[in-house]
Amino acid sequence: MNKYWHVIKIGIQNTLVYRTNFLFRAGFSLVPLMATILLWRTIYAQSSGMVGSYTLDGMISYYLLITIVDALTAVNEDDWQIASDIKDGNISQFLLKPIDYMSYRLCLFFSGRIVFTVLSVLPVGLFIFYWREQLTAPPDLPTFGWFLISTALAGMLQFMMSFIMALLAFWLLEVSTVIFIVFAFEYIAGGHLFPLNILPAPLAQFLNYTPFPYQLFFPVSIYLGQARGADLWRGLALQTAWVAIFYVLARAVWNRGIRKYAAVGG
Amino acid sequence: MSLPTPPQSVAPSQFKRYLTLYAALWRNSVVREMTFKGNFLMWIFVEILWFALQLSFIGVIYLHTEHIGDWTKWEVVMLVGASHFIQQMFQAFFLTNCVQLSELVRTGRLDFMLLLPVNTRFLISLRQVDLGGFVNGMLGLAVMAYSGHQLGLTVPIERAIGFLFLCGAGVFIHYSLMFLLSSVAFWTVRAQGIVWGYYNLFNIARLPDGAFKGGFRIFFRFLIPMLLVANVPVKLLIHRLESSWEMLLLVAMSLACFAVSELFWQYSIRRYTSASA
């Protein structure tokens with residue numbers, strides 16, 4: 001366990017090198033967010049006051065929470081690094097050391113998220129402060145607790161899925177197209193662009209059985225008090241199941257990939 | 001490192017020389033792209049997917065409203081199409097080249113470009129052509145044509161030419177701003193974050209300007225003219241221009257952006273100290 005603790009510490013130091021990069025990332029991503037919120041405000045000003053089950057404040061809160069959960073859970077450099085580790089033959093050393101590559105990457109993902117979250121506190125914090133009147137509080141404390149748990153599971157799910165995509169580098173020369181294709185689905189079916197429950201009901205129902213909403217949308221819907229009672233339990237069960245499925249899949253893909261691995265360059 | 005300043009005035013014979021050069025660069029790019037055909041097609045598919053995603057966002061919004069500002073559904077679809085067209089043209093001619101600037105600085109390969117007897121900015125900006133951009137740009141035009149059909153729009157030839165000219169100004173704005181951001185590479189070597197950031201600005205270009213008021217609208221028209229790039233050409237087609245000064249503003253802003261980026265480039269290149277031995 002101790003060695004992984006070291007990995008986290010080293011990971012934090014390494015990602016701090018990218019601090020300007022991260023700061024720019026966090027800052028720049030607020031521009032389209034602001035545009036989206038203003039766009040919705042214009043739409044609400046012309047409509048009856050509700051879109052789906054959302055009031056204007058509810059809609060603004062939705063986008064603010066998406067931004068927070070995204071900062072806490074999104075994979076950004078990890079998949080590219082894993083893919084290039086494989087292509088450049090850097091994983092050879094992990095096959096010799098008493099360290100598990102997946103756990104190692106998970107630690108690095110974790111430290112990357114810590115650094116990113118700390119750095120985005122200032123820009124995102126200011127942004128949320130600007131919209132503080134609109135941000136609704138969670139209905140009660142247990143709900144907030146489940147929101148945090150679900151956010152952690154969302155992070156695990158994002159990591160597992162990206163890990164598997166990156167492992168395709170064992171077989172493919174170029175994984176970036178695959179990563180971008182999956183990212184497109186995550187972006188729309190995960191709830192990045194709009195809340196999934198303003199879609200026609202059958203479509204929203206269908207999406208609930210795909211892994212994508214559990215990467216981002218589900219924790220936010222817990223916070224907003226939309227997923228409660230039986231919905232909450234079923235959602236958490238599905239989210240946990242997806243994490244487990246992708247964990248097993250990741251292990252299986254890794255084991256197959258390793259057999260194929262030729263240590264180019266080494 | 002002191003540099004001979006490249007000739008600033010381009011005489012007719014000079015112009016011909018640059019044209020020949022550019023033709024050679026084109027040939028190179030075509031050969032390069034055709035070496036990795038599978039990859040080339042995959043990237044086109046990725047772009048189509050993201051375009052479809054933007055259109056579905058508009059589709060979902062218009063499930064819940066009739067208007068955004070004074071824009072109706074098919075007008076916004078046309079705007080998204082036009083924005084895609086402009087962005088893809090920018091991508092075809094300039095994007096890869098701008099992105100690679102930080103790599104040229106980091107590895108010191110910029111040295112060789114500075115030594116070549118051509119204008120360095122010309123060479124850096126136009127080295128590679130991304131052919132996929134043309135395919136996807138046509139798709140943007142196709143979506144525009146379809147939405148124009150839905151709107152019952154007829155476009156006389158001179159209006160179409162005006163539209164293309166304004167799109168050109170839009171591409172020029174994207175290029176100048178991206179080149180400006182890429183030049184930051186002379187100060188901090190890890191400039192990818194900045195380049196990535198520009199994608200966030202693109203997002204604004206495809207939104208209808210009628211949705212915005214106050215500071216946001218002023219900022220993205222007069223400082224970073226994202227709300228002009230695609231909005232003005234489309235407004236020309238759908239007869240929505242407040243007055244013809246909007247077209248003038250777009251052209252003036254594109255020249256201003258280019259001038260700022262050129263000044264910054266001249267200033268940055270003077271700071272350049274080679275990275276390699």
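Below, chains carry the letters A, B, ... as their sequence lines are ordered, and counting in each starts from 1. Computed over heavy atoms, backbone and side chain alike; hydrogens, waters and symmetry mates excluded.
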Is the number of heavy atoms from other residues, nucleotides or ligands within 6.0 Å of CG (L223(B)) greater than 12? yes
F134(B) CZ: over 12 foreign heavy atoms closer than 6.0 Å: yes
When the 4.5 angstrom heavy-atom criterion is applied to L207(B) and chain A, the contacting part is side chain
Heavy-atom distances under 4.5 Å only: say whether F202(B) touches chain A with side chain, backbone, both or neither. neither
Checking the side chain of H64(B) only, and the main-chain atoms of I198(A) only, is there a donor and an acceptor separated by less than 3.5 Å? yes
CG-CE distance between N200(B) and M34(A), expressed to the nearest 0.5 angstrom: 14.5 Å
Option in F194(A), Y187(A), W40(A), F185(A) with maximal non-hydrogen atom pairs under 4.5 Å from chain B: F194(A)
Between M42(B) and F180(A), is there a side-chain heavy-atom distance shorter than 4.5 Å? no
Taking atom CZ of R256(A) as the centre, report whether more than 12 heavy atoms of other residues, nucleotides or ligands fall under 6.0 Å from it. no
Output the distance between atom OG (S176(A)) and atom CG (N39(B)), rounded to the nearest 0.5 Å. 6.5 Å
Looking at L199(A), T177(A), I188(A), which has the largest count of heavy-atom pairs under 4.5 Å with chain B? T177(A)
For T42(A) and G69(B) the tightest heavy-atom approach is CG2-N, 3.7 Å
Measuring heavy-atom distances to chain B, does F183(A) have an atom under 4.5 Å in its side chain, in its backbone, in both, or in neither? both
With only heavy atoms counted, which part of W50(B) is less than 4.5 Å from chain A, the side chain, the backbone, both or neither? side chain
To check you understand the geometry: which heavy-atom pair defines the closest contact between H67(B) and Q46(A), and what is its length? O-OE1, 2.8 Å
OH (Y130(A)) with more than 12 external heavy atoms under 6.0 Å: no
What part of F216(B) gets closer than 4.5 Å to chain A, counting heavy atoms only: side chain, backbone, both or neither? side chain
To the nearest 0.5 Å, what is the distance between CG on L193(A) and CD1 on I58(B)? 9.5 Å
Grab the two heavy atoms, one from F212(B) and one from L39(A), that are nearest each other, plus how far apart they are. CE2-N, 4.2 Å
Look at atom CZ of R41(A) and say whether more than 12 heavy atoms of other residues, nucleotides or ligands are closer to it than 6.0 Å. no
Pick one of side chain, backbone, both or neither for L53(B), based on which atoms fall under 4.5 Å of a heavy atom in chain A. both
